[in-house]
Protein chains: 4
Amino acid sequence: MLNVAIIGSSGYTGAELARILCNHPDVRLTAATSRQYAGQPLAHVFPHLRKKTDLICENFTTEELGARADLFFTAVPHQTAMAIVPDLLAAGKKVVDLSADFRLRDVAVYEQWYQKHSAAELLKEAIYGLPELYRQQIRNSRLVANPGCYPTSIILGLAPLLKADAIDPRSIIADSKSGASGAGRVAQVGSLYCEVTDGFRAYKVGGTHRHVPEIEQEINTFLQEPVQISFTPHLLPISRGILSTIYAQLKPGFNQADVSLLYEKMYSQEPFIRLLPENTFPATQYVRGSNFCDLGFKIDSRTGRIIILSAIDNIVKGAAGQAVQNMNLMCDFAETAGLETAPFFP
Amino acid sequence: MLNVAIIGSSGYTGAELARILCNHPDVRLTAATSRQYAGQPLAHVFPHLRKKTDLICENFTTEELGARADLFFTAVPHQTAMAIVPDLLAAGKKVVDLSADFRLRDVAVYEQWYQKHSAAELLKEAIYGLPELYRQQIRNSRLVANPGCYPTSIILGLAPLLKADAIDPRSIIADSKSGASGAGRVAQVGSLYCEVTDGFRAYKVGGTHRHVPEIEQEINTFLQEPVQISFTPHLLPISRGILSTIYAQLKPGFNQADVSLLYEKMYSQEPFIRLLPENTFPATQYVRGSNFCDLGFKIDSRTGRIIILSAIDNIVKGAAGQAVQNMNLMCDFAETAGLETAPFFP
Amino acid sequence: MLNVAIIGSSGYTGAELARILCNHPDVRLTAATSRQYAGQPLAHVFPHLRKKTDLICENFTTEELGARADLFFTAVPHQTAMAIVPDLLAAGKKVVDLSADFRLRDVAVYEQWYQKHSAAELLKEAIYGLPELYRQQIRNSRLVANPGCYPTSIILGLAPLLKADAIDPRSIIADSKSGASGAGRVAQVGSLYCEVTDGFRAYKVGGTHRHVPEIEQEINTFLQEPVQISFTPHLLPISRGILSTIYAQLKPGFNQADVSLLYEKMYSQEPFIRLLPENTFPATQYVRGSNFCDLGFKIDSRTGRIIILSAIDNIVKGAAGQAVQNMNLMCDFAETAGLETAPFFP
Amino acid sequence: MLNVAIIGSSGYTGAELARILCNHPDVRLTAATSRQYAGQPLAHVFPHLRKKTDLICENFTTEELGARADLFFTAVPHQTAMAIVPDLLAAGKKVVDLSADFRLRDVAVYEQWYQKHSAAELLKEAIYGLPELYRQQIRNSRLVANPGCYPTSIILGLAPLLKADAIDPRSIIADSKSGASGAGRVAQVGSLYCEVTDGFRAYKVGGTHRHVPEIEQEINTFLQEPVQISFTPHLLPISRGILSTIYAQLKPGFNQADVSLLYEKMYSQEPFIRLLPENTFPATQYVRGSNFCDLGFKIDSRTGRIIILSAIDNIVKGAAGQAVQNMNLMCDFAETAGLETAPFFP
């Protein structure tokens, strides 16, 4: 049994990590930090976890933490993560960081979209934790940068097409819709029930969301020449789930069967990717609570475009579940350990 | 007081027509037909209308109907409408048809997307009931084809740009999201609460939705050469509301201020269009229950695209409210009569 | 046209007052105060009100306010109201107070459930603003204490039975369920979308909610000997609406027809009460957005209990709508002026 | 590995059984029947089960079925179950019946509330499958009648008080609220998204719901003299979950601590009961997706009543989960096998 700890356990991602880890066959959750709730049982903060964990939220120094676990999930805001992670690594620990701090390989890009980076030397070492693209590197890594939720859904949808040079990358438009848990467990008027329910809106319109550089970084690994893409996030009145509707100009010579083959070639052995049959499209409610990414597509012969639909649970495959998948790889556990639960419907 | 009737009053659109008309200062609702509920008070079928209307649902022949009103709203499925409307017109009545039967001017296009047309001679006469584009023709018409919900949101969003030749029309992608009332009051598993709530999905992916030819017809009125566009509808877990996120390549030489001016020039006097300030974007919950169309846009200088956001209530501006606005024009009432209610939030 | 003002316009009740008043035929909304949003257009704070009002939120002294209107709606927290209302009255203004400060006639009871009262001398004068019980007094009043949302639903449900001595008052149990807007537009974790949606809970269990004394005060006006009742509020995942399920032991000799008659006798002329037919029961979605109170009941002959169901929109009949109804009475407007909108469904 | 089958797999309960069983360590799901979907993969009917099960829905005769499994879950409507179960038992199979057909021990009561019983001889043998009350009998049974959802929540809430003679049983009122999955996956207007969302209503008011005799049967096992109780079910706009608010007159001499002790004495060793601390109350969202029943209570000293709050997931502890718990007992598996998943929040 590996001892693991969650740094930042009072958000929805922290809670979901605790929920998954308390049933994981190979680990023992030994610590959960929270400044705000220090001293309180985690199951008071999140009453759904009653009888599943006795952990008390604590407010540790990094040194103290080191003694408590061998692998750490840092589920804290960006900039906070970069202050903690170097010490953990120095103490010989493994880290799956769920913030944005180690996702961008180019420090200049990071500093343009976020702020100054205080641990830039780790950017080269950190592995972008998308197992479908970087499984081997993750296995050998001590620092995994867990991908953002939107990027996970978009990159998984595009990778087979980009790899096969099947689309014009400059034509990519990702219209993504996310559930409200993506905004975090933060007391703000815009996230109140009455403001979100029975409504729908876009935000960060015009390529201004911080996931843009992350998406482009991964798209550009497939290209000779870097491109910039369009990305519009929207807020859905659901708790969990992201659906990305992705448009691109299909290159001549690819039909439905060809494209299906590209997806099967890349994903047929993937434990958490489900390729849908022709004319079947994903829905967030069918991946809810699971680590699955459901993918479907359609070629619109009238316009020459392909439309790819990609659905994940933003807190699972988009955050906590993928983090556990990464841990499983880093620690040589079964890749699906702790992540077997079927999606939850209705 | 004008006598008006609703043909097909047992759907959500029929109910909304009744709701608006029972408070309209210039009309008297004198008949509501329903095969299924014939003999029952409309307020039994729709208990929210108790104390607002005493009408009994009836199952009329068209001749009987003629004696009951001077203007008719036909809120019946396509193909049913074309069987009723000619007789009503022959009897000297005015008609606002909420079906798709008279929206497409080209009978060949209609028959390609729907089925054989039995009243094709009326297609030339029918006016497409989007007052912001066809106000004068609507005033002089006896048959108005009330636009589809998705087309209303998309065409209103694009018209100022198309008129000014500000975008490349072949690049248009409309990613639209609609509330569940759009599927009608039909007992089917896919529309059950448990299937829709806390979920999100696309449908009719790849340019196969019947609103495609309607959208293209209106776009092409602005163009020398017809184009085909991409349109993807999605199902939102909300009752009412459509948000369309529309992408197009902006032509060189247009900046934020230029585009704002285009919208203001076309819409500043429109009673039901609200142009949002820069960096403010519409949300369906702010138009709920009203006849407003809220419009915002953003230029993404990284990709050269403009993203237009357009929000309506699909049952009001997308159906019953726009139908009443059309009636107001056809009958020389104040254009906003019966439609003054502020949106309903939260 | 009467000039009216809203003190405290940044909450859901303030917004709903503005929504109703901007369409009211007899009044002009001349001022809206908000400390937090002073200087901002009310339509920025509540974008659904765009094009319906140009008011700028202001932060007034009470003296300045006096010059702006003749009647004031105080939609501020308790304790704040008692500091403002005396000055407004002294300046010759009329006041509809939506706080709890003037609802309880007995200062000792008020101070037991709230805190010290600084304007206790007004308690005798203030009229409890339930028009169905106190219409005449409201007409002649300059200070109306607008009832709480739960009490409105419960008292209207019980009054005909209490008046006729048809139930054992000690047996009354009111199990009430309210939408989330009742918690106000306050940034707190418990009111976040993700905490409320797809869930249900009771709160203030065991007779500890501050509406208890208000309910008992009005019940006891019908009785020789005061009673104490059971009241349990619950939080529904809906924006608007209260449904109260009220249980009481029916006295011998009353059957379904007798009880129906009691309700009809008291309410048949009431513009905002809708009595449902036998075996039909109210639902919050049928009163949504309206000032209606829907009432139904059923006698359970197995247990000798009567179960009364009472539904209102908590922000309308439970707050802003009833306040406007009270203003209409105080100012000799038509009682239904501004409140004619049919409920909003779906 | 035990072979098990689901008879009636196309409803929400059938789907949840499949979801749980496909991860159960001790069983193999070998058959799933559905008349409507015969020939289709279960994962087409319920796309959330893709990659979790390859089962094809079949339409079996009972004899054919016998060859396929050793234990059967009958998730079919009442009256259908009584036609299948005797043959299965005769073939030496074990049965967990999720219909109402074997829950009532008195055939006269069954026939009063349902219809004629064709297998009344089994009523004496069938064990009411509430493990917290009948664990030993369930272990030794070949036919378990899985309890109704409402009765589960109410009986678990009342049992410790009834056992200790702490309440007046004639005073019991159970005001219960259920999510929409309780109405089944049936295409009917009343269950449509637009009819249920953002709304709330009671139904079967006045002791007319078929769960009444089941609740009373179990209450009366604790009493010398049978009583009749009040029960009002309501429809919540949530998918899953029941919260029952139960009122009863507390007998003199019981305080908060005494009552706590009664609950602890009966339930402290129960794997699926969670007793909440004083002044903490259950919420459906904290048991969602789990087999837990959360219980809290409060004594209202003003009225002498105790209010008990009981929350379950109606498809899990109220149906499929409890059925699996019963199977675990009947087959000597760990009682919690397959039911370890933590509740799912948000």
Side-chain angles (χ1 to χ4, degrees), chain C residues 170-173 175 177-179 192-208 212 216 227-232 234-243 245 247 279 281-286 288 296-309 311 345-346, chain D residues 170-173 175 177-179 192-208 212 216 227-232 234-243 245 247 279 281-286 288 296-309 311 345-346:
Chain C
R170 289 159 310 158
S171 70
I172 295 171
I173 292 176
D175 191 280
K177 302 86 176 174
S178 171
L192 293 180
Y193 178 82
C194 288
E195 307 287 319
V196 172
T197 191
D198 204 24
F200 184 66
R201 67 173 75 209
Y203 64 102
K204 298 275 178 196
V205 178
T208 60
V212 166
E216 291 179 348
V227 300
Q228 296 188 308
I229 57 105
S230 284
F231 166 62
T232 312
H234 300 73
L235 177 60
L236 282 169
I238 67 175
S239 284
R240 294 171 174 238
I242 284 179
L243 187 85
T245 309
Y247 300 85
N279 283 320
F281 304 102
T284 61
Q285 54 269 58
Y286 298 146
R288 196 194 291 143
F297 71 92
K298 176 89 180 181
I299 298 169
D300 180 355
S301 57
R302 301 170 72 261
T303 61
R305 292 195 184 97
I306 184 167
I307 299 102
I308 307 119
L309 280 304
F345 174 86
Chain D
R170 290 159 310 157
S171 69
I172 295 172
I173 292 175
D175 192 280
K177 302 88 177 174
S178 170
L192 293 180
Y193 178 82
C194 288
E195 306 287 319
V196 172
T197 190
D198 205 25
F200 185 66
R201 66 173 74 208
Y203 65 101
K204 299 276 179 195
V205 178
T208 60
V212 166
E216 290 178 348
V227 299
Q228 297 188 307
I229 58 104
S230 285
F231 167 60
T232 311
H234 300 73
L235 177 59
L236 280 170
I238 67 174
S239 284
R240 298 171 173 235
I242 283 180
L243 187 85
T245 311
Y247 300 85
N279 284 319
F281 304 102
T284 61
Q285 56 269 57
Y286 299 144
R288 195 194 291 145
F297 71 91
K298 176 90 181 182
I299 297 170
D300 179 355
S301 57
R302 301 170 73 259
T303 61
R305 292 194 185 96
I306 184 168
I307 299 103
I308 307 119
L309 280 304
F345 175 86

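Just so it is clear: chains get the letters A, B, ... in the order the sequence lines come, proteins before strands, and each one is counted from 1.
Contact of C/Val227 with chain D is not made at all, since no heavy-atom distance falls under 4.5 Å. Looking at C/Tyr286, the atoms closer than 4.5 Å to chain D (heavy atoms on both sides) all sit in the side chain, from C-beta outward. Only the backbone of D/Ile172 comes within contact range of chain C, judged by heavy atoms closer than 4.5 Å. In this structure, chain C has heavy atoms under 4.5 Å from both the backbone and the side chain of D/Pro237. Looking at D/Arg170, the atoms closer than 4.5 Å to chain C (heavy atoms on both sides) all sit in the backbone: N, CA, C or O.
With sequence neighbours left out, C/Ala202 forms a side chain to side chain contact (heavy atoms under 4.5 Å, CB included) with C/Val205, C/Thr232, C/His234, D/Leu309. Taking D/Thr303 as the reference, C/Gln228, C/Ser230, D/Asp300, D/Arg305 meet the side chain to side chain contact (heavy atoms under 4.5 Å, CB included) condition, with sequence neighbours excluded.
The residue among D/Gly296, D/Pro346, D/Ala311 with the most heavy atom pairs within less than 4.5 Å of chain C is D/Pro346. For the set D/Gly241, D/Cys194, D/Gly179, the entry with the most heavy-atom pairs within less than 4.5 Å of chain C is D/Cys194. Of all the listed residues (D/Gly207, D/Gly206, D/Ser301), the one sharing the greatest number of non-hydrogen pairs under 4.5 Å with chain C is D/Gly206. Of the residues considered (C/Gly199, C/Ala283, C/Pro282), C/Gly199 shows the highest number of contacts with chain D, using heavy-atom pairs under 4.5 Å. Looking only at heavy-atom pairs under 4.5 Å with chain C, the residue among D/Tyr247, D/Phe345, D/Phe281 that has the most is D/Tyr247. Contacts with chain D were tallied for C/Arg201, C/Arg302, C/Arg288; C/Arg302 has the most, counting heavy-atom pairs under 4.5 Å. Your options are D/Thr284, D/Ile229, D/Leu235, D/Ile242, and the one with the most heavy-atom pairs under 4.5 Å with chain C is D/Thr284.
Note that CG of D/Leu192 and OG1 of D/Thr197 are 12.0 Å apart. Values are rounded to the nearest 0.5 Å. Rounding to the nearest 0.5 angstrom, the gap separating the CZ atom in C/Phe231 from the CG atom in C/Asp175 is 9.0 Å. Here CG of C/Asp198 is found 8.0 Å from OH of C/Tyr193. Values are rounded to the nearest 0.5 Å.
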For a side-chain contact (heavy atoms from CB on, under 4.5 Å) check, start with the C-alpha distance between C/Lys298 and C/Asn279, then their side-chain angles and the critical distance, and finish with the verdict. CA-CA 7 Å; C/Lys298 176 89 180 181; C/Asn279 283 320; 2.7 Å; yes
Apply side-chain contact (heavy atoms from CB on, under 4.5 Å) to C/Gln285 and D/Val196, showing your working. CA-CA 8 Å; C/Gln285 54 269 58; D/Val196 172; 5.8 Å; no
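Of all non-hydrogen atoms in C/Thr245 and C/Lys177, the two that sit nearest each other are OG1-NZ, 2.8 Å.
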